[in-house]
Trainee: 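So that we are looking at the same thing, I have put the structure below in structure tokens.
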4 protein chains.
Amino acid sequence: MGKKRGQKYEAIIDAAVKVIAANGYHHSQVSKIAKEASVADGTIYLYFKNKEDILISLFEEKMGQFVQKSKEKLDKEVSIEKKLFMLIEMHLMQLEEDHNLAIVTQLELRQSNKQLRNKINEVLRDYLGLIDSILVDGVKEGVFPASLNARFARQVIFGAIDEVVTNWVMKEHKYELVPLAKPLHDMLLNGLKK
Amino acid sequence: MGKKRGQKYEAIIDAAVKVIAANGYHHSQVSKIAKEASVADGTIYLYFKNKEDILISLFEEKMGQFVQKSKEKLDKEVSIEKKLFMLIEMHLMQLEEDHNLAIVTQLELRQSNKQLRNKINEVLRDYLGLIDSILVDGVKEGVFPASLNARFARQVIFGAIDEVVTNWVMKEHKYELVPLAKPLHDMLLNGLKK
Amino acid sequence: MGKKRGQKYEAIIDAAVKVIAANGYHHSQVSKIAKEASVADGTIYLYFKNKEDILISLFEEKMGQFVQKSKEKLDKEVSIEKKLFMLIEMHLMQLEEDHNLAIVTQLELRQSNKQLRNKINEVLRDYLGLIDSILVDGVKEGVFPASLNARFARQVIFGAIDEVVTNWVMKEHKYELVPLAKPLHDMLLNGLKK
Amino acid sequence: MGKKRGQKYEAIIDAAVKVIAANGYHHSQVSKIAKEASVADGTIYLYFKNKEDILISLFEEKMGQFVQKSKEKLDKEVSIEKKLFMLIEMHLMQLEEDHNLAIVTQLELRQSNKQLRNKINEVLRDYLGLIDSILVDGVKEGVFPASLNARFARQVIFGAIDEVVTNWVMKEHKYELVPLAKPLHDMLLNGLKK
DNA sequence: CATGAATGAGTCTTCATTCAT
DNA sequence: TATGAATGAAGACTCATTCAT
């Protein structure tokens, strides 16, 4: 497996996002993904160990970009409050920009066995670390109380954002997502402060 | 289908929870559930339309009890703040009481197709309505600002609680869940109040 | 697996012999065997663990009968010489009676991996034991010299008979096999006696 | 196809023997043989028509040398008895010298379809002719009775030697093979004479 | 001559569901 | 109601072979 890189690799990942978003993971046969990517079935296996590996790689690839972009944005901000806002907005923005990806991350990717779920959590760790760092810095700077349990607060933040996105996906993207960044930020910041 | 009622009906539901928690959704064959319930494979189909129907019924049954118990508790409280606390605590308590059920609701039940997921959301609506009513009453009583978007706030609340429970399940119930009710309540109430 | 017994079990074994003899092991798809046996593909797996297990079971079943019949015949003889003749004749006779089985045992069954081959040798052990007992008795009775290495002699005997049968199969049963019992017996007995 | 000759041709044959002996025929993919031979997969097809052709060529090549060497040895002998002994000893010796080749000829090469088996028999014909000539000469010289059926006797001889070698391979070469030449010779010569 | 990325036909096995008893 | 033997559709994966470079 010459994994990672190569336009075929990218093509298969993109095809997978499209096919899985449209049909759901369990109705996304490897042959369907191959067809969408305009490669032979067997070619898939030159780039991925098995079907599950497509899913993992997809998540790694997309989540990597996701975290990268978020980081870049955050680095330009100094205020903790704005950093938190930026994080929320970027989260909503990036998923709103790619409806298919949103469907896959919010719905289809959860349809997985314990093993895959652990893999996903591993990948997710980077992003959660990003939230943590904001919280820790916030405590240092006195924006959040010293008593704040960062790990716990991070769960609340992530859970809230995630649920808002999931609802948006479930409602079939009927409304705009990014404008929800402000009320989300208000509520979370308020909840954390004092 | 003589659906609903009959001890075999209950036995199959309980067997399903046990088997799915132990083996994961995709390794929980109908025959395995039948064996655990001490009935023949075919008997399953006298009580359930198909395999998916077991899942839906399981969720209806357990969620029905869940909501019922929560309602009863909440009715005994008058203060909005305490109602919200009660809701959170009951949520955590009931899932902590039944580890298998927690695994099924937090992890395995999400491994489903769009159709089943819609069914689940239908069932969930009752519970979300419970949260809504607290929020609406809170606005009326002036505990929450009139500007509060109940639907949105409910997503934040549910998302936060849900994520906390999911984390607990993923960490294999290594710590106690109910004590997290207080910090959760503090944070959420704070976030809502303003 | 309710293995062993049941007319379906027998039907599948017999179908397998027929299909494998006609098409060769590697072109005998499970579905082809199922069709020949007039059962569904899945039914095969109620009686056999996997495709290879059909082959093993086939050999166990047929070889069991083969050895059983040979034993019964041998028990009726007292003279060592005649016992050896009976063994050879029965060997040739039983395979001549069932051309398909002969093809399978002489050709197709050898197309197997080390693991299966060991299984086959296990099954074969009974038959080789039969040869051994004749040789040991022969030494006791003074028909064969005390210096006779039974294990070695058995290999020579089995190898000779086996090769004669294989040649007959390769020549597509163009001539009669049983008449070869006498010259085979002459040669082997002569070779052993000294 | 520039078949026959070229060091790559030899390298591929030798790689095939090694790989097949180590992994068994069915786990010896063309790519594995190519790797072992340090050539590209496609290069195989410059020297061999297809995978099966590797096997046939392997057998032709090795068997050719085998027969050649045996012939040379036999030509130095005049006595029929010694010729038979030489043949047996050379057979055992050459296979004992190359364990991998022995595995391939005794076990893996039998895992083939009818077509390939016929090809192999064709190649084998030369060797069987060698045995025949000893028998025919033996009859002429009066060492064997005029009634001897050479074709039949050859099967017995070949079957006996072959089985002895196969047993040795199956027992994973735990004992020495060449010393069995004498008892084999004794037994076979005795059986033929009279 | 040599390469090796790409192809795609081919098949074993699982398991939800049925139905004769 | 209850049984469980039987069904058969469906799909991931392998690997011999090709061909553009």
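Scope of the values below: all heavy atoms of this structure, side chains included, with no hydrogens, waters or symmetry mates.
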Trainee: Measure the distance from CD1 on Ile33(B) to P on dT3(F) and round it to the nearest whole Å.
Mentor: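 Distance, rounded to whole Å: 16 Å.
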Trainee: Identify, between Ser28(B) and Ile44(A), the residue whose nearest nucleotide on DNA chain E lies closer to the 5' end.
Mentor: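 So the residue in question is Ile44(A).
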Trainee: Quickly work out the Phe48(A) CZ to dT14(F) C1' distance and round it to whole Å.
Mentor: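 These atoms are roughly 18 Å apart.
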Trainee: With a 4.5 Å cut-off on side-chain heavy atoms, are Arg125(D) and Glu122(D) touching?
Mentor: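 The answer is yes, as the side chains (C-beta and beyond) meet within the 4.5 Å cut-off.
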Trainee: Which listed nucleotide (dC13(F), dT7(E), dG4(F)) is nearest to the side chain of Val39(A)?
Mentor: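 The listed nucleotide nearest to Val39(A)'s side chain is dT7(E).
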Trainee: Taking NZ from Lys35(C) and C1' from dA6(F), how many angstroms apart are they, rounded to a whole number?
Mentor: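 Rounded to whole Å, this separation is 18 Å.
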Trainee: Do Leu55(C) and Phe59(C) come close enough that some side-chain heavy atom pair is under 4.5 Å?
Mentor: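 In short, these two side chains do not touch, never coming nearer than 4.5 Å.
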Trainee: With the side chain of Tyr47(D) defined as its heavy atoms from C-beta on, choose the nearest nucleotide among dA2(E), dT3(F), dG8(F).
Mentor: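 Selected nucleotide (nearest to the side chain): dA2(E).
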Trainee: Over its full length, what angle do the end axes of the helix from dA2(E)-dT21(F) to dT21(E)-dA2(F) make, each axis taken from five pairs and the result rounded to 10 degrees?
Mentor: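 Result, rounded to 10 degrees: 10°.
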Trainee: Quick one: Leu46(C) CG to dT3(F) C1', roughly how many Å, whole number?
Mentor: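 Atom CG in Leu46(C) sits about 15 Å away from atom C1' in dT3(F).
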Trainee: Is the ring pair Phe48(C)/Tyr9(C) parallel, tilted or perpendicular, if the boundaries are 30 and 60 degrees?
Mentor: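 Ring orientation, 0 to 90° scale: parallel.
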Trainee: Of His26(A) and Val30(D), whose closest DNA chain F nucleotide lies nearer the 5' terminus?
Mentor: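 By nearest-heavy-atom nucleotide position, the 5'-most residue is His26(A).
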Trainee: To the nearest angstrom, how far is Ile54(C) atom CD1 from dC12(E) atom C1'?
Mentor: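 After rounding, the gap between these two atoms is 10 Å.
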Trainee: What I'd like to find out is whether the side chain of Lys62(B) reaches to under 4.5 Å of the side chain of Thr105(B), using heavy atoms alone.
Mentor: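 No, every pair of side-chain atoms sits at 4.5 Å or beyond.
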Trainee: Mark yes when over 12 heavy atoms from residues, nucleotides or ligands other than Lys119(C) sit less than 6.0 Å from its NZ; otherwise mark no.
Mentor: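 No, the 6.0 Å shell around NZ holds no more than 12 heavy atoms from other groups.
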Trainee: In this structure, how many angstroms lie between the P atom of dG8(F) and the NZ atom of Lys32(C), rounded?
Mentor: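 One finds 19 Å between P of dG8(F) and NZ of Lys32(C), rounded.
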Trainee: Out of dA5(F), dT7(F), dT7(E), which has the shortest distance to the side chain of Ala40(C)?
Mentor: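 Of the options given, the side chain of Ala40(C) lies nearest dT7(F).
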Trainee: To the nearest 0.5 angstrom, please state how far the CD1 atom of Ile33(A) sits from the NZ atom of Lys35(A).
Mentor: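 Atom-to-atom, Ile33(A):CD1 and Lys35(A):NZ are 13.5 Å apart.
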Trainee: Below the 4.0 Å mark, does dT7(E) have OP1 or OP2 next to a side-chain nitrogen or oxygen of Thr43(A)?
Mentor: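 Indeed, a polar side-chain atom of Thr43(A) lies that close.
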Trainee: Look at Lys8(A) and dA6(E) and indicate whether a side-chain polar atom (N or O) is within less than 4.0 Å of OP1 or OP2.
Mentor: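 Checking dA6(E) against Lys8(A), a side-chain N or O does come within under 4.0 Å of OP1 or OP2.
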Trainee: dT17(F), dA6(F), dA12(F): which one has an atom nearest the side-chain heavy atoms of Tyr45(D)?
Mentor: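 The nucleotide sitting nearest to the side chain is dT17(F).
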Trainee: Mapping Gly42(A) and Gly42(B) to their closest nucleotides on DNA chain F, which lands nearer the 5' end?
Mentor: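 Looking at DNA chain F, the more 5' nearest nucleotide goes with Gly42(B).
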Trainee: For Tyr9(D) and dC1(E), what is the distance between atoms OH and C1' respectively, to the nearest whole Å?
Mentor: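 After rounding, the gap between these two atoms is 17 Å.
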Trainee: Whole-Å distance between dA16(F) C1' and His27(D) NE2?
Mentor: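 These atoms are roughly 16 Å apart.
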Trainee: Please round to the nearest 0.5 Å and tell me the distance separating atom CD1 of Ile12(B) and atom CG of Leu58(B).
Mentor: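 These two atoms lie 11.5 Å from each other.
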Trainee: Out of dT3(F), dC15(F), dC12(E), which has the shortest distance to the side chain of Gln29(D)?
Mentor: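 Of all the options, the side chain of Gln29(D) is nearest to dC15(F).
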Trainee: How far does CG of Leu116(D) sit from CG of Asn121(D), to the nearest 0.5 angstrom?
Mentor: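 Separation between the atoms: 9.5 Å.
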